[in-house]
Amino acid sequence: MVDRQPAVESSPEKEKSLNFVEEIINDHLASGRFGQRVHTRFPPEPNGYLHIGHAKSIVLNFSLAEKYGGFCNLRFDDTNPSKEEEEYVQSIKEDIKWLGFDWEDREYYASDYFEQLYEWAIKLIKDGKAYVCDLPSDKAREYRGTLTEPGKNSPYRDRSVEENLDLFERMREGEFPDGARVLKAKIDMAHPNFNMRDPVMYRILHARHHRTGDKWCIYPMYDFTHGQSDSIEKITQSICTLEFENHRPLYDWFCEKLDIHHPQQIEFARLNLTYTVMSKRKFLILVNEGFVSGWDDPRMPTISGLRRRGYTPESIRKFCDYIGVAKNNSIVDVTILENHVREHLNAIAPRVMVVLNPIKVVIENYPEGQVEQLSAVNNPEDESAGSRIVPFSRELYIDRDDFMEVPVKNYFRLSPGKEVRLRYGYIIKCDSVVKNDMGEIVELRCSYDPDTLGKQPTDRKVKGVIHWVSAEQALEAEIRLYDRLFLAENPDKVEEGQDFRSHVNPESLQVIQHAKLEPSLKGAQAGERFQFERIGYFHVDQDSQGDDLVFNRITSLRDTWAKIASRS
RNA sequence: UCCGGGAUCGUUCAAUGGUAGGACAUCGGCUUUUGGAGCCGAGUAUGGGGGUUCGAAUCCUCCUCCCGGAACCA
């Protein structure tokens, strides 16, 4: 494979400091350990959906390859047929593509290496470095020793090479039931690192594999697969998470004993986020017990959940880049993620006016039947986004939050006798309040100042600006207001006898059925994102059917007023 | 308890023997037809003790705390 040109150097005056992985790579480059090559890989097990934590690894591996002009492979670590499925392969590929990365033709599967792995196992047996062990798993556990006591040698440890070869071949032939025998590496039962106490290389598993079918009934373990797969693919830096640190000596042992290309394993801290959980097991509980609607529920930190929520791939990539890579366990504040999507959407999302919780406004001095077409800017951050027309008429809707019968201090929206600016429109004044028998406000009677369209009155200052929708032309839609799934910063921190379930936010989803939308939203397509002015960013959900639109709240706008109001 | 890691503002990442810095969060101000966005400013950190050095977050040493490890999972 030819090397690519490194990505264009960023401006030298703004030199970004290197993370520890880049420092290691630079050392390798300087020493020439792998020539001048950088070749990484992202190695998911196809046994679940990808989440934001995987995104960190994906971004790291692919970006490093790009930065150094190398390559990044996609390799499925599919050595456990009892847990893996084709469905997951597809979703993983889709998620990586959506994030914006391309593995080109380098899509590999550990299962493609099974034959080579088998031959390498034979070699180790012949070299006296592996043996077939008949100890059942519970016995094997006893022989392994404990944290403080060394293990002891299996009684099968000194079988002859011939016997081992014979037994291992018969394991492959399917002569023995699951669990009857394993192939182990002969290392050191007294090693302080458990992974070196004669680790299992192969187990018997009469299970159908999603790619190799029934060809095999013995499957290699992770430790006997991963390093060699890296080796076969001529990987240079094999980047994984911290929990594999203890496996590195074994990774190195196999490469050495097999005398094959030997990549450098480098471990980094996985991503943790506040107010969420990040494990397949917990996702499964959330889905199975109905806390969420599925793996792609917009509250889930899965890639598919974030996608459905409306997050942009750019913002996720930028976030991953921003949080950096290090070895200390950290919990990243989820607001940092939210800020990244806000920042991106602020630049690209068209603005529209939507009233979530409508209250009718009648402008009594505005002619009945008259409709004015007002011009509204699509995106103040992007002049090229142009403008659109919004109809204005005698009857409108405004949000309930934008009116207070008895205003609190510093409230500068609408209240009796007070004025407010209708965004892109006129200044109106609330003259009276209409209530029903229950005392609930059903309507506001107002008057408008015709001389305030596009200009500020000279005799007074009107500070408040609110959004609105013309009643007759309004569209209706379902709006799903998503909030964080957990109320606790760390959902796993619980009282005795409880678990993360007890921290689930019962109000993480609030559905609004008949929100009022400005008519320009007609024809909005699933996947489009908008800023509802003064409210937040919203994504047209796939549940939308033609004119029956469904919007997901991606994230709210920063709400300074809410902050002030909640303080008092 | 054994082995392997880790410890810097509230959070996260820098500073690689030479003024501890940025971002987010917080607080204050300016500006604004989004209480949005933007702009300006403020406060807050080297886990602890010893040592080396003119000088230590950085090197040495002892201690403390946190994380991971005893699947025929990855």
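Lettering follows sequence order; numbering is per chain, from 1.
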Q.
Let's test your reading of the model: under 3.5 Å, does the base of G4(B) pair with the side chain of Asn193(A) as donor and acceptor?
A. no
(Q) What is the separation between atom CZ on Arg248(A) and atom C1' on G69(B), rounded to the nearest whole Å? (A) 14 Å
Q: Among the candidates G36(B), A25(B), G4(B), find the nucleotide nearest to the side-chain atoms of Glu245(A).
A: G4(B)
Q: Kindly indicate whether a cation-pi arrangement holds for Arg248(A) with Tyr251(A), taking the cut-offs as under 6.0 Å to the six-membered ring centre and within 45° of the axis.
A: no
Q: May I ask you to check if Arg423(A) and Trp468(A) form a cation-pi contact, with NZ or CZ under 6.0 angstrom from the six-membered ring centre and within 45° of the axis?
A: no
Q | Separation of G36(B) C1' from Arg558(A) CZ (nearest whole Å) | A | 9 Å
(Q) If you only use heavy atoms from C-beta on, which nucleotide in U1(B), A70(B), C67(B) is closest to the side chain of Thr148(A)? (A) U1(B)
Q) What integer distance in Å separates Phe194(A):CZ from G4(B):P? A) 13 Å
Q: Report yes if at least one side-chain N or O of Arg141(A) is closer than 4.0 Å to OP1 or OP2 of A71(B); otherwise report no.
A: yes
(Q) Suppose you measure atom P in U11(B) against the same atom in U26(B); what distance do you get, rounded to whole Å? (A) 15 Å
Q: In plain terms, say whether Glu169(A) and Arg172(A) are close enough for a salt bridge, that is, a side-chain N and a carboxylate O under 4.0 Å apart.
A: no
Q) Can you check the Tyr424(A) OH to U33(B) C1' distance for me, whole Å? A) 8 Å
**Q.** No-H, no-angle donor-acceptor pair, Glu381(A) side chain to G36(B) base, under 3.5 Å
**A.** yes
Q. Mind checking the C1' distance from G17(B) to A42(B)? Whole angstroms is fine.
A. 32 Å
Q: Decide, yes or no, whether a salt bridge links Arg534(A) with Asp399(A) under the criterion of side-chain N to carboxylate O below 4.0 Å.
A: no
Q) Could you give the CG-to-P distance, from Asp382(A) to G38(B), as a whole number of Å? A) 15 Å
Q.
So if I take every side-chain heavy atom of Ser330(A) and compare against U12(B), G35(B), U16(B), which nucleotide ends up nearest?
A. U12(B)
Q.
Check this for me, if you would: do Arg270(A) and Glu243(A) make a salt bridge, where the nitrogen-to-carboxylate-oxygen distance has to be below 4.0 angstrom?
A. yes
**Q.** Gap in Å between the two C1' atoms, one belonging to U61(B) and one to A20(B), rounded
**A.** 24 Å
Q) How is Val182(A) classified with respect to the nucleic acid when contacts are heavy atoms under 4.0 Å: base, sugar-phosphate, or nothing? A) base
Q: Return no unless some side-chain N or O of Arg421(A) is found under 4.0 Å from OP1 or OP2 of U32(B).
A: no
Q. Rounded to whole angstroms, how far apart are CD on Gln531(A) and P on U34(B)?
A. 11 Å
Q. Taking the six-membered ring for Trp, are Phe551(A) and Phe532(A) parallel (under 30°), tilted (30 to 60°) or perpendicular (over 60°)?
A. perpendicular
Q: Go through A70(B), G68(B), U34(B) for me and flag the one nearest to the Asn246(A) side chain.
A: G68(B)
Q: Tell me whether the OP1 or OP2 atom of C73(B) has a side-chain N or O from Ser82(A) closer than 4.0 Å.
A: no
Q: Could you work out the separation of G43(B) and G48(B) based on their C1' atoms and round it to a whole Å?
A: 26 Å
Q: Looking only at side-chain atoms of Leu147(A), point me to the closest of A70(B), C24(B), A74(B).
A: A70(B)
Q. Is a donor-acceptor contact shorter than 3.5 angstrom present between the side chain of Arg534(A) and the base of U34(B)?
A. no
Q | Contacts of Tyr49(A) that satisfy side chain to side chain donor-acceptor pair (under 3.5 Å) - sequence neighbours left out | A | Glu87(A)
Q: Measure up the Trp295(A) and Phe283(A) rings against each other and bin them: parallel (under 30°), tilted (30 to 60°), perpendicular (over 60°).
A: perpendicular
Q: Could you tell me whether Asp112(A) and Arg211(A) have a side-chain N and a carboxylate O separated by less than 4.0 Å?
A: yes
Q | C1' spacing across the pair C30(B) / A37(B), given as an integer number of angstrom | A | 14 Å
Q) Within less than 4.0 Å of OP1 or OP2 of C67(B), is there a side-chain N or O belonging to Arg270(A)? A) no
Q. Tyr219(A) has an atom OH; how far is it from atom P of C72(B), in whole Å?
A. 18 Å
Q. Pro192(A) has a side chain; which of U34(B), C3(B), C13(B) sits nearest to it?
A. C3(B)
Q.
Taking any heavy-atom pair under 4.0 Å as a contact, classify Ala326(A): base, sugar-phosphate, or nothing.
A. sugar-phosphate
Q. Tyr202(A) pairs by ring-ring contact (aromatic ring centres under 6.0 Å, His included) with which of Phe224(A), Tyr219(A), Phe176(A), Trp120(A)?
A. Phe224(A)
**Q.** Lys152(A) charged N/C atom sitting above Tyr143(A) aromatic ring, 6.0 Å / 45°
**A.** yes
**Q.** First encountered from the 5' end of RNA chain B, between Asn379(A) and Asn328(A)
**A.** Asn328(A)
Q. How far, in whole Å, is G5(B) from C62(B) if one measures between their P atoms?
A. 16 Å
Q) Can you list, by residue number, the residues of residues 41-57 of chain A that have a non-hydrogen atom closer than 4.0 angstrom to RNA chain B? A) Glu45(A)
**Q.** Nearest-Å distance once atom C1' is located in both U44(B) and U12(B)
**A.** 15 Å
Q. Roughly how far apart, to the nearest Å, are G47(B) and G6(B) at atom P?
A. 14 Å
Q. With respect to the phosphate group of U26(B), does any side-chain polar atom (N or O) of Lys563(A) fall under 4.0 Å of OP1 or OP2?
A. yes
Q.
Using heavy-atom distances to pick each residue's nearest nucleotide on RNA chain B, tell me which of Asn19(A) and Gln456(A) is more 5'.
A. Asn19(A)
Q.
Can you identify which nucleotide, out of U34(B), C72(B), A25(B), has its nearest atom closest to the Thr335(A) side chain?
A. A25(B)
Q | Distance-only donor-acceptor test, Arg413(A) side-chain atoms vs G35(B) base atoms, 3.5 Å | A | yes
Q) Looking across every strand, which nucleic acid part, if any, lies under 4.0 Å from Asn410(A) by heavy atom: base, sugar-phosphate, or nothing? A) base
Q. Is Tyr222(A) stacked on the base of A74(B), meaning ring centres closer than 5.5 Å and planes within 30 degrees of each other?
A. no
Q) Using Watson-Crick and G-U wobble pairs with both distances under 3.5 Å, what is the 5'-to-3' dot-bracket string of RNA chain B, with [ ] for crossing pairs and | for pairs outside the strand? A) .((((((..((((....[..)))).(((((.......)))))....(((((..]....))))))))))).....
Q) Charged N to carboxylate O under 4.0 angstrom, Arg41(A) versus Glu233(A)? A) no
Q. Do Arg484(A) and Val334(A) have side-chain heavy atoms sitting under 4.5 Å apart?
A. yes
**Q.** Asn346(A), nearest nucleotide to its side chain (from G36(B), G35(B), A71(B))
**A.** G36(B)
**Q.** N/O donor-acceptor pair, side chain His340(A) with base A23(B), under 3.5 angstrom
**A.** no
Q.
Distance check needed: C72(B) P versus Asp134(A) CG, whole Å only.
A. 15 Å
